Every structure is written in C-alpha cells, then in structure tokens.
Amino acid sequence: MGPFPCVLLALCVASARALQLLATDQKTIVIPQGDKVVLSCKFIVGPEDTGTLDIEWSLVAPDTQQADQYIITYTGDKMYSIYEGLKDRVHFVSVEPQNGDASIEIINAKQADSGTYQCKVKKVPGVQSQKTVLTVLVKPAKVNCFIDGPQEIGRDLSLKCQAKEGTAPLTYMWQKLSGSSSPVLQSDATTGILTVKNASQDYSGTYRCLATNRVGNDECLVILNVLPPSNVAGKIAGAIIGTLLGLAVLGLIIFCCCRKQKEKKYEKEVQHEIREDVAPPKSRNSTARSYIGSNHSSLGSLSPSNIEGYSKSPYNKVPSSEEYEHPPSQAPNFVSSKYHGLTVV
C-alpha cells in the first residue's frame, strides 16, 4: 500500500472515535407565529472524548462585528437559560442532554425569534457545531373585502381585498362562488384588486378573496349586485323635499314651544298683579286681643266695692264682628252706663 491510503485510513479511524453530530435535514425551518418548533442537535461521543461535556445554543449575530447571543447551555450536569428574549419559552427536549440529544424546543414562537441558531457540543478533545435557520412568519388575518364604485349597469367598479395582518409577500386570489357565469375576471394577485369594466348583471353574485403566504391563508366574502342606473334626479329632489319638510316640522315645534313659554310667563305676571291689588285680611286674633285688653283697662279703674256687679256683666260671650270694628280705646256702652259715677280707688 502507498502512503496516501494509509493516511486516509488513519483519519477515518480517528473520525470514528471522535465526537460527531448527526446530520439533519432541518437546515431551514419556516413556521407561523404562535407555533412551537424543535431545533434538532444530536451527537455521538467517541471513546477518546474524555473531557467535560458542554452544550451551547446561541443566536448568531447578523453582523460579524457583534457577539453571538447565548440562549441556553448545559455544563457540569446543569442547565442554564440565559437569553431574556426567550425566557420561559425555550428548553432542552431531553431531560438528560448528556445522553446524546441536545435538541431544544421553542414554544409560542414570535416573529422576533427569526434568525440563525447554532448548536455547539464540546467534549475535549472533540468539538462540533451546526446551524439551523429559523423563520417565523405571521399568517394572513383580518382580510377585508369591499366594493369600490357604483354597482350599476355600464359602469366600472373594483372589488378590493386587503389583509390587515400577515408577513409579506401576500398573494390574493378572487373566485366567484354564486350567480350566473361572468366574463373572465381580471385580478391583480399582488394588490388584491379585481377590476370590472362595463358591468352587467352577469357579474352579480358572491365573491371570495383568498389571501395566502408561506404559512397560512385567510379569506373574506363580498356580494356584488349590479342594477340598472337609478334616477339620480329623483333622488336629489326627494332629498331636498325631505330636508325642507324636516326643517318645517322643526320650525313648528320651536314656535309652539316659544308660544307655550310666553303663555306661562303671562299667567304668572297676572297672578302676581292680582295678589298685589287685594288688601290683606284683618287678623281676628289681634282684634280680639285689643278688645279684651280694653276691657281689662276698664276693670282696672273700678273700685273693689263695684267688682261684684261688674263680674255679672255678660263678658263670657264671644264678641260679634260688629264689636270687632270698634277701636280698642273705646269701651263698650254697657260698661260706661252701668258703672257711671263710680269712684276709682
């Protein structure tokens, strides 16, 4: 044998005894946002690899001037989750990675998780690594369909479709689901616009727009109803008449309200004037007190010898209304006649 076959055989034997990473077909992975993904990394340790086992997963920096971001590691029989961006969302698939499975799983993947991930396995003297490109896309969602233009025979209009969510590029496709057969539909797969020229009733029906990207799709429906041209002049006249009638009714309501307010105000003013013209009634209580006070004054002018006669006079009756009219200073006639000539003590 020559020297070259011997060298190749030695290298093959050495390679069989060294650390190896098992090949995987997952060099590039594309998933929708919110899904979970497994990044595979399996290895075999050779008999010559006697050092401490270290497993490192990192996110490769897009710029060579920046350092890679470590995500999760296994060293000294312990696991460490380092990357804050994947906190509580990344873990080793196996609870014992030292047995040859260093694969990791990312749950609830986000678009920001997209990047190149590197798995590096070290067991001195063996060192091996491999990379996997992960792309997280957003599915099309909240697709909106609407009609732009008059739905009249002979007019031009457009059916438009737009997804509010979804990672570009998005592809739009229109399809007629119901109604009579119509001419060939001309739609733009990029903008989602279906153009209808010289519309006829054959175009009437239900249409579906399907928005698609690499990870999913979403759809919306719209109903097109092409009718004969409407009487625009009649609509305008009707709108004007309706507006005038509305204004007339509003004016009548305002007039009635103002008139009602004036009537209420006039009634209040008349009642107030009537109260001011009427004299207040005399108080019977005050007149009665004046009358009784006058009698008490007269009694005070009598002598004790005449009290007996005076007490027999009819003071126990209630004075009449005519008696109330006498001023308090005047004494009753029957008092002055009966006790005329008495001497005051």
Side-chain angles (χ1 to χ4, degrees), residues 25-38 89 106-115 132-246:
D25 295 334
Q26 293 182 322
K27 298 297 182 182
T28 301
I29 302 175
V30 180
I31 62 170
Q33 181 171 265
D35 280 12
K36 61 182 180 179
V37 60
V38 174
R89 295 193 297 119
I106 299 175
I107 61 175
N108 190 21
K110 300 179 181 179
Q111 195 171 11
D113 298 337
S114 300
T132 303
V133 178
L134 175 64
T135 303
V136 182
L137 303 179
V138 179
K139 291 181 180 179
K142 300 181 180 179
V143 182
N144 182 33
C145 294
F146 60 96
I147 301 173
D148 185 11
Q151 302 181 51
E152 297 178 355
I153 295 176
R155 304 293 295 272
D156 296 341
L157 57 92
S158 298
L159 276 63
K160 296 185 177 181
C161 177
Q162 185 178 9
K164 295 183 179 180
E165 297 180 5
T167 305
L170 296 175
T171 302
Y172 298 93
M173 183 179 67
W174 281 97
Q175 181 183 8
K176 189 176 183 182
L177 301 179
S178 66
S180 60
S181 59
S182 57
V184 178
L185 302 176
Q186 298 179 356
S187 62
D188 191 326
T190 304
T191 61
I193 299 177
L194 172 63
T195 303
V196 177
K197 298 288 186 180
N198 190 21
S200 65
Q201 289 185 330
D202 292 337
Y203 286 96
S204 299
T206 303
Y207 290 79
R208 178 180 67 181
C209 174
L210 185 66
T212 308
N213 67 1
R214 296 174 64 185
V215 294
N217 58 70
D218 194 15
E219 65 180 28
C220 62
L221 301 176
V222 66
I223 298 176
L224 176 62
N225 189 17
V226 181
L227 300 174
S230 57
N231 187 358
V232 179
K235 288 184 177 181
I236 295 175
I240 294 174
I241 294 173
T243 302
L244 293 177
L245 288 176

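Bear in mind the structure is a predicted one, so any value in this text is a computation, not a measurement.
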What closest approach, in Å, do T167 and L170 show between heavy atoms, and which atom pair accounts for it? O-CD2, 3.5 Å
Say you draw a straight line from CD of E152 to CG of N225; how long is it, rounded to the nearest 0.5 Å? 11.5 Å
Which atom pair, heavy atoms only, marks the closest approach of Y172 to C209? CD2-SG, 3.9 Å
Closest non-hydrogen atom pair between L157 and Q151, with its separation: CD2-CA, 4.0 Å
Assess whether atom CG of L221 is packed by more than 12 heavy atoms of other residues, nucleotides or ligands within 6.0 Å. yes
Please list, one pair per line, the donor and acceptor atoms closer than 3.5 Å that link side chains of residues 134-150 to other protein atoms, with sequence neighbours excluded.
unit_1 : atom_1 : unit_2 : atom_2 : d
K142   : NZ     : E165   : OE2    : 3.4
D148   : OD2    : K160   : NZ     : 3.0

When rounded to the nearest 0.5 angstrom, what is the spacing between OG1 in T212 and CG in L210? 4.0 Å
About how many Å separate CG of L227 and CD1 of I153, when rounded to the nearest 0.5 Å? 7.5 Å
Looking at every heavy atom in both L185 and Y207, which two are closest together, and how far apart are they? CD1-CE2, 4.0 Å
Could you pull out the closest heavy-atom pair between N198 and G154, with the gap in Å? OD1-CA, 3.1 Å
Which atom names give the shortest non-hydrogen contact between E219 and R208, and what distance separates them? OE1-CD, 3.0 Å
In Å and rounded to the nearest 0.5 Å, what is the NZ to CG distance from K176 to L194? 10.5 Å
Nearest-0.5 Å distance that lies between atom CD in Q175 and atom OG in S187: 11.0 Å
Taking S178 for the side chain and T206 for the main chain, is one N or O donor matched with an acceptor at less than 3.5 Å? yes
Within the structure provided, determine whether K197 and T195 are in side-chain contact (heavy-atom separation under 4.5 Å). yes
Measuring from I193:CD1 to Q186:CD, what's the distance to the nearest 0.5 Å? 13.0 Å
